[in-house]
Structure formats: structure tokens, C-alpha cells
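One structure below.
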Amino acid sequence: MRRMLDRLRKGFGRKLAKLHTWNGWMVFFLALTGLMLALGFWRSLLGEGRVWIKWLHIGVGIASIVPVLYYLLLAGKHWKQLRSRPWQRFNVLIVLVLLLGWFASGAVLWQFRLAGPRAANAALLVHDILSWAGLPYVIYHSLTRLRWLKEPHRRTVKTGREPVREPLHPAAQGPLMTRRAFIRGAIGVGLAVTLGPSFLRWISASLGGGSSIEALIAEDANRLTPAPTPLPQSSPPIGGGAQGSYRVYTVTRIPAFSNENWSFTIDGLVEHRLSWNWTEFVQLPRTVQVSDFHCVTGWSVYRNTWEGIKLKELLKQAGVKSSAKMVKFYSGDGVYTDSLTLDQADMDDVLVAVLLDGKLIPSDLGGPARLIVPKMYGYKSVKWLNRIELIPDDHVGYWEERGYSKDAWV
Ligand SMILES: Nc1nc2c(c(=O)[nH]1)N[C@H]1C(S)=C(S)[C@@H](COP(=O)(O)O)O[C@H]1N2
Ligand SMILES: [Mo]
């Protein structure tokens with residue numbers, strides 16, 4: 001009887017250890033791919049690979065629920081075993097909250113179309129908070145448990161009982177800090193120093209709201225004069241100011257423009273090829289529009305007051321030939337493109353925007369001129385727009401070529 005119990009218990013311990021290993025590798029993989037997806041730096045490096053990484057991240061993310069569910073089956077027994085170990089119980093709880101939270105918010109982000117922008121936005125916030133709080137915890141947890149840190153009497157799988165050591169006489173107690181405690185402390189400080197600043201920056205960007213556009217304006221690399229005089233609806237902005245913050249996305253380095261190197265051209269299948277320099281461009285009649293901006297990765301910025309030239313007015317001026325089928329948009333970064341059908345381009349709210357909330361669009365956000373297609377996801381809104389070409393055939397845009405849906409309707 002006793003031997004059977006022992007065997008069972010051993011089996012149980014092994015099961016838990018295996019579960020822990022599997023779970024650890026999954027979290028490691030998800031953290032790595034998640035950081036690659038989240039950090040802007042990787043966007044330009046990865047290109048096409050990004051879509052693959054995204055699907056791997058989603059796939060493994062879905063699979064990561066399996067060890068959690070399996071653990072929940074064993075949880076009752078494990079919980080009892082840990083009755084004298086409050087810290088381990090605490091650890092189990094934290095890890096469960098992290099895993100379930102990542103899973104739930106990840107599922108919403110994966111199904112962003114079903115969930116809608118509000119839910120996706122909230123899910124992204126949760127996913128981010130869990131990552132910024134959870135990853136340092138998980139890293140700390142794994143580093144401090146590496147084998148080389150362990151003393152021989154603390155082996156991986158514990159059965160719940162450990163030899164009780166006789167407390168040492170104060171005089172016999174060794175150095176103030178054991179090697180173990182010292183290394184733990186050092187790892188903790190190291191993490192705080194390396195992750196702390198980006199954590200704070202992220203907090204202030206996502207919770208502070210509003211101010212980030214100001215910061216981007218302050219860092220604007222464009223040098224174009226004259227600044228267009230905003231229409232009365234733009235300044236102060238009738239939308240009351242954009243709510244939320246943009247994540248600066250680019251697949252190249254952020255280009256910078258001045259009056260010398262900037263022009264705007266409409267060509268291809270048009271009656272009149274048109275080209276403007278900045279001074280001429282800001283004299284074109286503009287309109288003001290308030291709209292929300294949604295990215296497929298889950299974030300949104302609400303109530304942007306955009307001021308710009310209606311795309312359909314530009315097309316009317318150029319005169320679209322009957323052989324034209326699509327409108328192709330080129331970015332001044334030399335790489336990014338996208339397209340709209342003639343019907344889509346004819347929508348009243350499609351703008352070539354030059355002002356956001358009454359101010360020049362900063363270079364990070366696609367200034368001096370960017371496309372705005374409010375009814376479609378952000379990847380249609382080509383930044384640093386400087387050329388529109390009317391073409392006879394279909395054109396597959398940058399992200400669409402790399403796996404984003406041709407159907408970009410929000
Ligand atoms: N030239 C260019 N335009 C672009 C992109 C880009 O990488 N390069 N990213 C697109 C995507 S996916 C989104 S969500 C928005 C992001 O706009 P933002 O960087 O101003 O937040 O720009 C779109 N237009
Ligand atoms: Mo996007």
C-alpha cells in the first residue's frame with residue numbers, strides 16, 4: 001500500500017515537472033516571438049517573416065492552454081502539497097493569472113475582427129500589461145532556478161517534505177548574504193535596470209494618453225515651410241484632440257523631408273499628370289474630418305481631427321482615364337505601397353492628410369502627407385505619401401503581399 005502511494009506520488013511529481021518544462025518552453029517561445037512582434041525595431045528587419053512569426057505566436061499561444069488545463073486537473077492535489085509553502089502557492093497563482101490572461105487577451109487579438117476595435121484595444125492593453133509585469137517575473141523565476149544556483153539538497157521535484165535543518169547559532173552564521181541570495185539580488189537589479197526604463201516609457205505612453213503626439217511633434221524630422229494655416233474646424237480640433245496613442249510603424253528608417261526633396265505627383269492613366277511642390281500643395285483646398293484609426297494588431301486612436309485634400313478631388317483634377325482600374329499609392333520611404341479600387345478611392349472620407357489636430361503630421365506618423373482611409377485598417381493609410389499612380393491592373397500592397405487580408409474593411 002505504502003509503496004503504491006509512493007509510486008503514485010513519484011509519478012505525480014514527474015508529471016508536474018514535465019508540465020513545468022513544457023510550459024516553460026512555450027512561454028519562452030511566446031515571449032521571444034511576442035517581443036519581436038511588439039518592438040518596432042524588428043518590423044523593418046523581419047519584413048515578410050513577421051507574418052510567419054505572428055502565426056507561430058498565435059498557434060503556440062493557442063496550444064499553451066493545454067498544459068494549463070492539464071495542470072488544473074492536477075491542481076487540487078498540488079495545492080494541498082504546497083500547504084506549507086506559501087511562496088510556491090503564490091507563484092502558482094501568479095503564473096496561472098499570467099497564462100490565462102495572456103491566453104484570453106491573445107484570443108481576442110487573434111479574433112480582432114469578431115471582437116471589434118474596442119475589445120481588441122482593451123485586449124492589447126491587458127496583453128501588454130501582463131507582458132511588462134509578467135516577463136520580468138518569469139525571467140527572474142527561471143534565472144534564479146537554474147541548476148547551477150541550486151544547492152544539492154534542493155532538487156527540482158519536491159515531494160513536499162524537506163529535511164529540516166537545525167538553526168545555526170547566530171555566531172556560526174556565515175556571511176550576511178549567501179551566494180544564492182546575492183545572485184538573486186543581482187539578477188533582480190539587472191532586470192530592473194534593463195527593463196525598467198522601457199516599462200516606464202510604455203506606461204506613460206499608454207496611460208498618459210494624448211501627450212505622445214506632442215512628443216512626436218517635438219521630434220519632427222521634417223523641415224517644410226510654410227506651415228499651412230489650419231481651417232477653423234482644425235484649430236482647435238473639432239474632435240477635441242486624438243484619444244489614444246499611435247504606435248509608430250515603419251518598414252524602413254523614418255524618412256525626413258524638406259522643401260528641396262519633397263514633391264507630390266499623380267500620374268499613370270490620367271488625362272493630366274500633376275505635380276506639386278510643398279508651397280503649391282498647401283494651397284490646394286482642404287477639408288476637415290474626425291475619424292478613428294484602427295490597426296490590425298489591436299490598437300486604435302479615436303477622434304483624430306485630420307485636415308487634408310480629398311483624394312477624389314485630386315483624382316478629379318487629374319482626370320482618371322477609363323482604362324484605369326486601381327489607384328496605387330507610393331510612400332516616400334521608397335518601399336511601402338498599397339492600393340484602392342476606383343470605387344474605394346471615391347469614398348468621401350478618404351483624405352491625403354497634412355494636419356492632425358491642427359498641427360503638421362510629425363515625420364514619425366507619416367508627415368508631411370499621409371493617406372487616411374477611415375473605414376479600413378491602418379495598413380491602407382500609406383505614410384509619407386508622395387505619389388499616386390492610376391494603373392490598369394490590380395496591385396498587391398506591402399503588407400498584403402506578406403499575408404494581410406486584401407479586405408481591409410474595419
Ligand atoms: N510607409 C508606411 N506606411 C505605413 C506603414 C509602414 O510601415 N510604412 N504601416 C502601416 C500600418 S500597418 C499602420 S497600422 C499605420 C500606422 O501608422 P502610425 O505609424 O502613424 O501609427 O501606418 C500604415 N502605413
Ligand atoms: Mo497596422
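Counting convention: from 1, in listed order, for ligands and their atoms alike. All figures in this text were calculated on a predicted structure; none of them were measured in a lab. Residue indices begin at 1 and follow the sequence shown.
- Close approach to Val251 involves these atoms of ligand 1, each under 4.0 Å from a residue heavy atom: 7 (O).
- By the 3.5 Å distance cut-off applied to N or O atoms, Tyr379 is not counted among the residues near ligand 1.
- Annotation: side chain of Tyr137 is not in contact with side chain of Leu135 (no heavy-atom distance under 4.5 Å).
- Under a 4.0 angstrom heavy-atom cut-off, Tyr377 registers as lying outside contact with ligand 1.
- Close approach of ligand 1 to Trp299 (heavy-atom distance below 4.0 Å) involves ligand atoms 14 (S), 21 (O).
- Taking only nitrogen or oxygen atoms, main chain and side chain alike, Tyr404 does not reach within less than 3.5 Å of ligand 1.
- Nearest to atom 10 (C) of ligand 1 by heavy-atom distance, out of Tyr336, Trp384, Tyr398, is Tyr336.
- Where the criterion is an N or O separation shorter than 3.5 Å, residue side chain and backbone included, Arg247 meets it with respect to ligand 1.
- Within a 6.0 Å radius of NE2 in His395, more than 12 heavy atoms belonging to other residues, nucleotides or ligands are found.
- There is a side-chain donor-acceptor pair under 3.5 Å between Tyr246 and Asn304.
- Considering backbone and side-chain N/O atoms, Ser381 comes within less than 3.5 Å of an N/O atom of ligand 1.
- Looking at ligand 1, you'll find an N or O of Ser331 within less than 3.5 Å of one of its N or O atoms.
- In this structure the side chain of Tyr404 reaches within 4.5 angstrom of the side chain of Val296, judged on heavy atoms.
- Aromatic pair Tyr336/Tyr379: centroids not less than 6.0 angstrom apart.
- If you number the atoms of ligand 1 from 1 as listed, the ones under 4.0 Å from a heavy atom of Tyr246 come out as 20 (O), 21 (O).
- Near Asp333, meaning under 4.0 Å from any of its heavy atoms, are these atoms of ligand 1: 1 (N), 2 (C), 8 (N).
- Gln283 places none of its side-chain heavy atoms less than 4.5 Å from the side chain of Trp276.
- Among residues two or more places apart in sequence or in another chain, the salt bridge (charged side-chain N to carboxylate O under 4.0 Å, His left out) test is passed with Arg286 by Glu307.
- Between Tyr71 and His78, the gap from one ring centroid to the other is short of 6.0 Å.
- At under 3.5 Å, a nitrogen or oxygen of Arg370, whether backbone or side chain, sits near a nitrogen or oxygen of ligand 1.
- Taking a cut-off of under 4.0 Å to the non-hydrogen atoms of Val248, the atoms of ligand 1 that pass are 19 (O).
- Close contacts between ligand 1 and Cys295 involve ligand atoms 14 (S) [criterion: under 4.0 Å to a heavy atom].
- Pairs engaging residues 342-360 under the side-chain hydrogen bond (donor to acceptor under 3.5 Å, both in side chains) rule: Lys310-Asp348, Lys312-Asp348, Asp349-Lys375 [sequence neighbours left out].
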